[in-house]
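A short write-up of the structure that comes next.
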Amino acid sequence: MNANFYEQVYAVVRRIPPGKVTSYGRIARMLGRNRAARAVGYALNGLKDRHDDPAYDDIPWQRVVNSKGHISIVNREFSANLQADLLLSEGIPVTDELRILNFNQYLWEGLPLGELEAIIEGREVG
DNA sequence: ACAGTGACAACAT
DNA sequence: TATGTTGCCACTG
């Protein structure tokens, strides 16, 4: 259940401020797993099974897109549009093709090394 | 223990 | 530039 990597991913995503976005690959690199981008997506996918749990309600999953700034939820029309709406409500411009305009302008800088270290070592506050 | 899978990303045409 | 192909990693049954 408590896959450590998932929890690390959630901890990072929780820190993404409103109006900012990042990518699956960048999160993977923050956690020291340079090529675990797919696993990050897999972790976020797991949220749909826990949306009842309040502990996972505060995770701004909508702020994670792919490396090109595209919303990556394909074959899931409803969720993809929901993600676009959520981003728009934060002031992030999303085209009707589900692409973020001026993606690099909204990119999140990431966490300070110390905070990342805490998350990786399981000392995150939560 | 092992093979299949997916909200990715980097390359190769 | 635009597609198609090939690694990747963590999780699951």
Side-chain angles (χ1 to χ4, degrees):
Chain A
M1 294 297 228
N2 177 9
N4 198 22
F5 181 71
Y6 280 22
E7 296 303 326
Q8 291 178 7
V9 170
Y10 300 151
V12 170
V13 174
R14 268 193 268 254
R15 305 289 210 290
I16 308 175
K20 290 288 184 180
V21 292
T22 190
S23 71
Y24 304 95
R26 290 170 76 91
I27 291 177
R29 287 192 288 274
M30 286 180 212
L31 292 173
R33 312 287 233 286
N34 290 39
R35 314 193 179 258
R38 297 190 84 172
V40 172
Y42 200 84
L44 292 185
N45 178 56
L47 286 175
K48 73 178 187 306
D49 299 324
R50 320 189 189 198
H51 62 79
D52 294 327
D53 191 335
Y56 299 93
D57 263 355
D58 62 336
I59 300 177
W61 55 271
Q62 73 273 18
R63 295 174 194 149
V64 187
V65 297
N66 71 20
S67 62
K68 298 175 203 156
H70 282 259
I71 288 177
S72 256
I73 310 180
V74 296
N75 291 335
R76 271 162 257 246
E77 195 75 16
F78 178 74
S79 292
N81 287 321
L82 171 61
Q83 181 169 11
D85 288 341
L86 289 171
L87 290 176
L88 285 168
S89 73
E90 298 184 358
I92 297 176
V94 182
T95 69
D96 49 2
E97 297 138 355
L98 304 180
R99 178 170 60 90
I100 295 176
L101 290 175
N102 304 117
F103 178 48
N104 49 355
Q105 172 180 337
Y106 296 95
L107 259 179
W108 179 41
E109 321 75 51
L111 287 172
L113 237 50
E115 283 195 48
L116 276 178
E117 203 173 301
I119 288 173
I120 291 171
E121 297 182 10
R123 290 185 278 105
E124 37 129 356
V125 188

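Heavy-atom basis, side chains included; hydrogens, waters and symmetry copies ignored. A note on names: the letters A, B, ... follow the listed sequences, proteins ahead of strands, and every chain is numbered from 1.
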Of the options [options], whose atoms approach the side-chain atoms of [X] most closely?
X: A/A36; options: C/dC11, C/dC9, B/dC8; result: C/dC9
X: A/R35; options: C/dC9, B/dA7, B/dA9; result: C/dC9
X: A/Y6; options: C/dC11, C/dC8, B/dC8; result: C/dC11

How many Å lie between [atom1] on [X] and [atom2] on [N], as a whole number?
X: A/K48; N: B/dG6; atom1: NZ; atom2: P; answer: 10 Å
X: A/D49; N: C/dT12; atom1: CG; atom2: C1'; answer: 12 Å
X: A/L44; N: B/dG6; atom1: CG; atom2: C1'; answer: 12 Å
X: A/F5; N: B/dA7; atom1: CZ; atom2: P; answer: 15 Å
X: A/Y10; N: C/dA10; atom1: OH; atom2: C1'; answer: 12 Å
X: A/I100; N: B/dA7; atom1: CD1; atom2: P; answer: 18 Å
X: A/L47; N: C/dC11; atom1: CG; atom2: P; answer: 14 Å
X: A/I71; N: B/dA9; atom1: CD1; atom2: P; answer: 14 Å

Check your understanding: Can you check whether A/L87 reaches A/Y106 side chain to side chain, under 4.5 Å on heavy atoms?
Key -> no
Point to revise | Contact check, side chains of A/P18 and A/R63, non-hydrogen atoms, under 4.5 Å | key: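 Yes. Closest side-chain heavy atoms under 4.5 Å.
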Practice item. Identify, between A/Y42 and A/R38, the residue whose nearest nucleotide on DNA chain C lies closer to the 5' end. Key: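 Closest to the 5' end, via its nearest nucleotide, is A/R38.
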Hey, is the side chain of [X] poking within less than 4.0 Å of OP1 or OP2 on [N], counting only N and O atoms?
X: A/S67; N: B/dC8; result: no
X: A/S79; N: B/dA7; result: no
X: A/R33; N: C/dA10; result: yes

Point to revise | DNA chain B: 5'-proximal contact among A/A39 and A/S23 (nearest heavy atom) | key: A/A39
Check your understanding: 5'-most contact on DNA chain B: A/R29 or A/Y24, nearest heavy atom basis?
Key ->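 Result of the comparison: A/Y24.
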Check your understanding: In the single-linkage hydrophobic clustering (I, L, V, M, F, W, Y; side-chain heavy atoms under 4.5 Å), do A/L98 and A/L101 co-cluster?
Key -> no
Review point. Do A/E90 and A/K20 pass the salt bridge (Lys or Arg N to Asp or Glu O under 4.0 Å) test, and can you show the C-alpha distance, the side-chain angles, and the key distance before you say yes or no?
Key: CA-CA 9 Å; A/E90 298 184 358; A/K20 290 288 184 180; over 6 Å; no
Review point. What are the two closest non-hydrogen atoms of A/R26 and A/W108, and how far apart are they?
Key: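 Heavy atoms only, the tightest pair is NH2-O, 3.7 Å.
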